[in-house]
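Heads up: numbering here begins at 1 and tracks the sequence.
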Amino acid sequence: MNISFFGRRRRQESADRGSVLASAFDEDPAGVAELLSECELLRSQAAGAGLELDDSAASLTALDQLLPRWRDDPELLPWLGNDAGLYLGSVIVRTVPGAVWHVWPAGSPVVRLASGREIQVVEAGLDWAVHGAPELTQVFAEASET
């Protein structure tokens, strides 16, 4: 059943959540950055595989080498991909000089490099979780070069 009212309402609720994140980021960027770096699901999955994520570039390499057992669970994929992207962003922000979090008005978090280039880390994380490419280390290396 396609009830247009519900579709509009869902889009509005999604837009409202995004604008809440954007305004929270404007008020407390450090607090939002800390929240974005939690990535509990990814950390839990990594720990289950014997890997402790220490927010380093080396941990991205270790994640890339994990056997992707999460691909067997289609409900888990988007959540894990989101966390992978946020973790990637956190590593870039912590290790690449001049890299900072930025939240678009619609609520999408991206990493802005000193050059002004923006990396859509959540999109990269989703691609990594679903397809295995691009590897997290590849995105990190590209961010480190600029």
Side-chain angles (χ1 to χ4, degrees), residues 7-146:
R8 281 194 307 264
R9 182 172 173 97
R10 285 187 191 116
R11 283 191 297 275
Q12 180 63 37
E13 288 173 357
S14 177
D16 290 346
R17 276 183 265 141
S19 61
V20 167
L21 179 60
S23 65
F25 182 77
D26 289 341
E27 293 174 22
D28 184 13
V32 172
E34 184 177 328
L35 179 66
L36 294 175
S37 71
E38 287 182 2
C39 315
E40 287 184 37
L41 178 61
L42 180 69
R43 290 179 190 279
S44 162
Q45 292 286 317
L51 173 62
E52 182 180 343
L53 300 181
D54 62 359
D55 300 337
S56 69
S59 67
L60 295 174
T61 302
L63 279 171
D64 284 338
Q65 294 174 359
L66 283 180
L67 205 68
R69 297 187 195 283
W70 55 83
R71 290 191 190 134
D72 296 335
D73 186 348
E75 291 183 23
L76 185 64
L77 273 175
W79 298 105
L80 188 72
N82 186 72
D83 270 15
L86 294 176
Y87 182 73
L88 169 64
S90 296
V91 172
I92 293 170
V93 167
R94 289 184 173 137
T95 60
V96 175
V100 295
W101 281 108
H102 177 72
V103 177
W104 289 344
S108 298
V110 297
V111 172
R112 183 175 287 162
L113 302 175
S115 67
R117 178 175 162 234
E118 291 183 344
I119 301 174
Q120 296 180 6
V121 291
V122 172
E123 185 177 300
L126 288 168
D127 287 344
W128 173 82
V130 174
H131 306 292
E135 291 185 336
L136 300 175
T137 51
Q138 177 184 351
V139 177
F140 176 80
E142 291 171 5
S144 300
E145 291 175 356
T146 56

To the nearest 0.5 Å, atom CH2 of Trp101 lies from atom CZ of Arg112 at 13.0 Å
Closest approach of Asp54 and Tyr87, non-hydrogen atoms and distance? N-OH, 3.6 Å
What is the minimum heavy-atom distance between Thr137 and Thr61, and which atoms define it? CG2-OG1, 3.1 Å
On a heavy-atom basis, which atom in Ala143 and which in Val96 lie closest, and how many Å separate them? O-CG1, 3.8 Å
Do the side chain of Trp70 and the main chain of Ala129 share a donor and acceptor less than 3.5 angstrom apart? yes
For Pro109 versus Val122, what's the shortest heavy-atom pair and its separation? CG-CG2, 4.2 Å
For the side-chain contact (heavy atoms from CB on, under 4.5 Å) test, which of Asp64, Asp127, Leu60 pairs with Glu135? Asp64
Is it true that, when you exclude Glu34 itself, more than 12 heavy atoms of the residues, nucleotides or ligands shown sit nearer than 6.0 Å to its CD? no
Is there side-chain contact between Trp128 and Leu63, with at least one heavy-atom pair below 4.5 Å? yes
For Arg71, is the CZ atom crowded, meaning more than 12 foreign heavy atoms sit under 6.0 Å from it? yes
How many angstroms lie between atom OG of Ser56 and atom CZ of Phe140, to the nearest 0.5 angstrom? 8.5 Å
Between Leu126 and Pro78, what is the shortest heavy-atom contact and its length? CD2-O, 3.4 Å
Here the gap from Glu142 atom CD to Ile92 atom CD1, rounded to the nearest 0.5 Å, amounts to 9.5 Å
Atom of Arg43, atom of Leu53 and distance for their closest heavy-atom approach: NH1-O, 3.1 Å
